[in-house]
Amino acid sequence: MFDIPIGIAGTKSLAVTRDLTVAREDERMPAVFATPMMIYLMEVTAGDLIQPYLPDGWITVGAVVNVRHLAATPEGSTVTARAEVTEVGKHTVTFTVEAHDGFEKIGEGTHVRAPVEVARFLKRVEAKKVKSDE
């Protein structure tokens with residue numbers, strides 16, 4: 001359905017600020033890169049990688065995340081995520097993902113995204129809002 005090449009890869013980097021650490025929510029915790037933020041960076045990297053291959057009006061949404069957080073990264077570091085397409089199915093795209101902090105690999109795993117037509121997707125979301133208002 002989509003002409004997304006197997007093996008394409010991309011990266012995205014960000015600086016670890018206090019807002020991206022676990023200390024943001026709990027001052028008792030060390031100011032290290034939070035696992036959900038690492039996963040978010042991996043997801044955005046994967047989504048941005050294949051967006052140019054999608055028709056106008058389409059995006060991808062996360063469907064599966066299977067990631068290990070391997071090492072802590074302090075505030076002030078730069079983390080780079082890498083995503084590579086490993087499989088393109090009828091309704092999903094699978095990636096290997098990893099993150100590195102310039103010192104060592106801090107995360108690795110797989111991620112699956114599903115291409116969706118935005119208008120159709122939003123219609124389904126809106127239907128849930130109506131039901132929850134009743």
Side-chain angles (χ1 to χ4, degrees):
M1 181 171 175
F2 303 100
D3 192 22
I4 300 169
I6 303 292
I8 61 168
T11 61
K12 194 172 271 308
S13 299
L14 63 76
V16 178
T17 61
R18 186 157 192 84
D19 283 350
L20 302 177
T21 70
V22 294
R24 172 186 176 202
E25 297 297 323
D26 185 345
E27 287 297 323
R28 297 172 298 167
M29 299 295 289
V32 295
F33 195 43
T35 302
M37 300 314 297
M38 180 187 73
I39 293 169
Y40 172 76
L41 180 59
M42 291 171 164
E43 286 199 60
V44 169
T45 303
D48 286 354
L49 174 63
I50 62 171
Q51 186 63 43
Y53 297 93
L54 302 179
D56 287 342
W58 286 68
I59 59 169
T60 59
V61 295
V64 177
V65 176
N66 184 6
V67 170
R68 293 175 53 219
H69 198 163
L70 305 171
T73 300
E75 181 180 358
S77 300
T78 297
V79 173
T80 300
R82 181 180 188 279
E84 180 177 337
V85 174
T86 58
E87 182 181 336
V88 178
K90 186 174 181 181
H91 300 288
T92 60
V93 181
T94 303
F95 304 82
T96 57
V97 291
E98 65 180 44
H100 201 283
D101 65 8
F103 182 76
E104 63 187 330
K105 184 190 293 186
I106 64 163
E108 65 183 6
T110 58
H111 177 45
V112 178
R113 297 192 70 76
V116 296
E117 187 176 14
V118 176
R120 185 172 164 215
F121 180 79
L122 291 177
K123 192 174 191 178
R124 291 181 70 184
V125 172
E126 288 299 318
K128 286 184 175 185
K129 284 184 180 179
V130 171
K131 286 184 179 185
S132 67
D133 290 341
E134 294 173 356

If you look at every heavy atom in [X] and [Y], which pair is closest and at what distance?
X      : Y      : answer
Met38  : Ile106 : SD-O, 3.8 Å
Glu117 : Trp58  : N-CE3, 3.5 Å
Pro52  : Leu49  : CD-O, 3.5 Å
Glu75  : Thr21  : CB-CG2, 4.3 Å
Ala34  : His69  : C-CE1, 4.2 Å
Ile6   : Val88  : CD1-N, 3.6 Å

Report yes if some heavy atom in the side chain of [X] is under 4.5 Å from a heavy atom in the side chain of [Y]; otherwise report no.
X     : Y      : value
Ile50 : Phe95  : yes
Tyr53 : Pro5   : yes
Val64 : Thr110 : no

Counting only heavy atoms from other residues, nucleotides and ligands, does the tally under 6.0 Å from CZ of Arg18 exceed 12?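 Count over threshold, so yes.
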When rounded to the nearest 0.5 angstrom, what distance separates [atom1] in [X] from [atom2] in [Y]?
X      : Y      : atom1 : atom2 : result
Glu108 : Asn66  : CD    : CG    : 10.0 Å
Thr92  : His111 : OG1   : NE2   : 11.0 Å
Thr73  : His100 : OG1   : NE2   : 9.5 Å

Residues that, via side-chain heavy atoms closer than 4.5 angstrom, fall in one hydrophobic cluster with Met29: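 Its cluster mates, by chain and number, are Val22, Val32.
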So does [Y] get a backbone contact from the side chain of [X], meaning a donor-acceptor N/O pair under 3.5 Å?
X      : Y     : result
Ser77  : Pro74 : yes
Thr86  : Thr94 : yes
Glu104 : Ala72 : no

If you group Ile, Leu, Val, Met, Phe, Trp and Tyr by side-chain heavy-atom gaps below 4.5 Å, do [X] and [Y] land in one group?
X      : Y      : answer
Ile8   : Met42  : yes
Leu70  : Met37  : no
Phe103 : Val79  : no
Val85  : Val112 : no

Salt bridge (charged side-chain N to carboxylate O under 4.0 Å, His left out): which pairs involve residues 34-50, sequence neighbours left out?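 Pairs touching residues 34-50 that pass the test: Lys12-Asp48, Glu43-Arg113.
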Salt bridge present between Lys129 and Glu126 (N-O < 4.0 angstrom):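 Salt bridge between Lys129 and Glu126, a charged N being under 4.0 Å from a carboxylate O: yes.
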Test: Arg82 and Glu98 ion pair at under 4.0 Å: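 Looking at Glu98 together with Arg82, the answer is no, because their closest N to O distance does not fall below 4.0 Å.
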Does the pair Phe33 and Leu20 meet the rule for a side-chain contact (heavy atoms from CB on, under 4.5 Å), with working shown? CA-CA 6 Å; Phe33 195 43; Leu20 302 177; 4.1 Å; yes
Of all residues at least two apart in sequence or in a different chain, which pass the side-chain hydrogen bond (donor to acceptor under 3.5 Å, both in side chains) check with Asp26?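 In terms of side-chain hydrogen bond (donor to acceptor under 3.5 Å, both in side chains), with neighbours along the sequence ignored, Asp26 is linked to Arg28.
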